[in-house]
Amino acid sequence: MEVNEYIESAGASLGGPPARTIAITNQKGGVGKTTTAINLSACFADMGKRVLMVDMDPQGNATSGVGIDKGDISGCTYEMLVDGVDPGSVVLPGPIEGMEVIPSTLDLAAAEIELATELSRENRLRKALDPLKASYDFIIIDCPPALGLLTINSLSAAGEVLIPIQCEFYALEGLVYLLRTIQRVKQHVNLELKISGVLLTMYDVRTNLAKDVEAEVRREYPSMTFQTVIPRTVRLSEAPGFGKPIILYEPSSKGAWAYAELAKEVVRSGQERTGQGTGCAYRHSGDHGGPAS
């Protein structure tokens, strides 16, 4: 079944969750989606927030990226979605105090097929996470790089969408298609879904291409694009291999600084939406400065 059939088969009367549940998604792989899920979650926890990171990608990169051995996992998102097990029973401790993880394994790949004929298949994740929402300040969902049933479940469960895009030539082309799909999800599955923002990732200050892409994205989506930009750094690439978020692996690096700034910006945007904060948004520095890599 195609993604549009998934979307339109759900009831438009279903609303999204009131909590700050953020799905991190892009139909293109290799744009920093999982890196953002891991490091944004860790930075929230470092700020004293209670965070649950949910790995909805069958590849399980977010799971291994925080040091969880997939061979030791007894329950994951598959059992939660398909078998209906208690979601609290599959929650594992994360790499930093205040951060917990619902892991993923390759078993999750079968969920696309097994749930295809089930009733209310687009809302399995939303229903599973509802009992957990009171225990966390943020729930961060790492989506797979495809607009299939797992991603639709993630968008149904979320209140917000954060879209990482790599600073490359075709960035805007993919973004236009993704925004169109998100709008359809909002219309047919999750009336409360909002776009938290577009995040520019893998920014190489040495190239004119990165600067041109940034300028074009900010011109087309000025109010939607985060001021924070994530640089391309060796440390960010290395950290998942050690099972650590960047703030634990190399806390003085540019990548750690950038994700800490992004976390502040996301928190601030939520406060402004609810009238809890009066501070202005983080202002773009222009040169993406910060600590040395």
Side-chain angles (χ1 to χ4, degrees), residues 22 24-26 29-57 59-73 76 91-105 136-145 162-167 199-206 210 226-267 282 285 287-293:
I22 304 174
I24 300 180
T25 188
N26 193 315
V31 298
K33 178 177 54 61
T34 298
T35 297
T36 297
I38 292 171
N39 290 297
L40 186 58
S41 297
C43 286
F44 282 147
D46 192 53
M47 295 168 68
K49 307 295 184 183
R50 300 165 300 166
V51 185
L52 175 66
M53 184 181 74
V54 182
D55 192 348
M56 282 290 284
D57 188 344
Q59 297 176 84
N61 291 336
T63 298
S64 56
V66 294
I68 296 173
D69 187 341
K70 283 180 275 190
D72 296 336
I73 294 172
C76 68
V91 173
L92 298 177
I96 186 170
E97 185 178 355
M99 177 181 172
E100 294 182 316
V101 180
I102 294 182
S104 171
T105 67
Y136 300 97
D137 297 306
F138 287 93
I139 297 177
I140 305 297
I141 306 172
D142 184 34
C143 301
L162 190 155
I163 307 169
I165 61 171
Q166 187 177 354
C167 293
L199 177 66
L200 293 158
T201 65
M202 302 182 186
Y203 186 95
D204 190 341
V205 71
R206 300 168 299 179
F226 284 109
Q227 298 298 322
T228 306
V229 173
I230 307 301
R232 181 187 293 276
T233 75
V234 173
R235 295 290 184 259
L236 272 175
S237 300
E238 291 175 344
F242 291 87
K244 293 181 179 181
I246 190 64
I247 60 171
L248 294 183
Y249 179 67
E250 191 61 65
S252 63
S253 67
K254 281 186 176 181
W257 176 85
Y259 275 111
E261 288 299 315
L262 176 65
K264 293 175 189 175
E265 192 174 353
V266 172
V267 168
Y282 169 73
S285 64
D287 59 359
H288 313 300
S293 60

With rounding to the nearest 0.5 angstrom, report the [atom1] to [atom2] distance, [X] to [Y].
{"X": "I73", "Y": "L92", "atom1": "CD1", "atom2": "CG", "value": "6.5 Å"}
{"X": "S104", "Y": "K70", "atom1": "OG", "atom2": "NZ", "value": "7.5 Å"}
{"X": "T25", "Y": "M56", "atom1": "OG1", "atom2": "CE", "value": "10.5 Å"}
{"X": "S237", "Y": "R232", "atom1": "OG", "atom2": "CZ", "value": "7.5 Å"}
{"X": "M99", "Y": "S41", "atom1": "CE", "atom2": "OG", "value": "4.5 Å"}
{"X": "Y136", "Y": "R50", "atom1": "OH", "atom2": "CZ", "value": "9.0 Å"}

Min side-chain heavy-atom separation [X]-[Y] under 4.5 Å:
{"X": "D137", "Y": "F44", "value": "no"}
{"X": "L236", "Y": "I230", "value": "yes"}
{"X": "M53", "Y": "V66", "value": "yes"}
{"X": "F226", "Y": "L262", "value": "yes"}
{"X": "V51", "Y": "E100", "value": "no"}

On a heavy-atom basis, which atom in [X] and which in [Y] lie closest, and how many Å separate them?
{"X": "T105", "Y": "C76", "result": "OG1-SG, 3.6 Å"}
{"X": "P164", "Y": "I24", "result": "CG-CG2, 3.7 Å"}
{"X": "N61", "Y": "D55", "result": "N-OD2, 3.9 Å"}
{"X": "A42", "Y": "I247", "result": "O-CD1, 3.5 Å"}
{"X": "M47", "Y": "V267", "result": "CE-CG2, 3.8 Å"}
{"X": "D57", "Y": "P145", "result": "OD2-CD, 3.5 Å"}

- [ ] Would you list the pairs meeting side-chain hydrogen bond (donor to acceptor under 3.5 Å, both in side chains) in which at least one residue belongs to residues 29-38, sequence neighbours left out?
- [x] K33-D142, T34-D142, T36-Y259
TODO: Not counting sequence neighbours, which residues clear side-chain contact (heavy atoms from CB on, under 4.5 Å) with A260? List them please.
DONE: C43
Open item on the list: Going by the rule side-chain contact (heavy atoms from CB on, under 4.5 Å), which residues pair with P240 if we only count those two or more places apart in sequence or in a different chain?
Closed with: none
Task: Chi angles and distances behind the side-chain contact (heavy atoms from CB on, under 4.5 Å) call for E250, S252 - done: CA-CA 6 Å; E250 191 61 65; S252 63; 3.3 Å; yes
TODO: Check step by step if side-chain contact (heavy atoms from CB on, under 4.5 Å) holds for V31 and I165.
DONE: CA-CA 6 Å; V31 298; I165 61 171; 5.8 Å; no
Open item on the list: I'd like to check the side-chain hydrogen bond (donor to acceptor under 3.5 Å, both in side chains) partners of N39; sequence neighbours left out, ordered by chain and number.
Closed with: none
Task: Residues in side-chain hydrogen bond (donor to acceptor under 3.5 Å, both in side chains) contact with Q166, at least two apart in sequence or another chain - done: none
TODO: Under the salt bridge (Lys or Arg N to Asp or Glu O under 4.0 Å) rule, collect the residues that match up with K264, sequence neighbours excluded.
DONE: E261
- [ ] For Y249, check ring-ring contact (aromatic ring centres under 6.0 Å, His included) against everything at least two apart and list the hits.
- [x] F242
- [ ] Test L52 against V101 for side-chain contact (heavy atoms from CB on, under 4.5 Å), laying out the working first.
- [x] CA-CA 6 Å; L52 175 66; V101 180; 5.7 Å; no
Open item on the list: Pair I246, S253 - check side-chain contact (heavy atoms from CB on, under 4.5 Å), show working.
Closed with: CA-CA 8 Å; I246 190 64; S253 67; 3.5 Å; yes
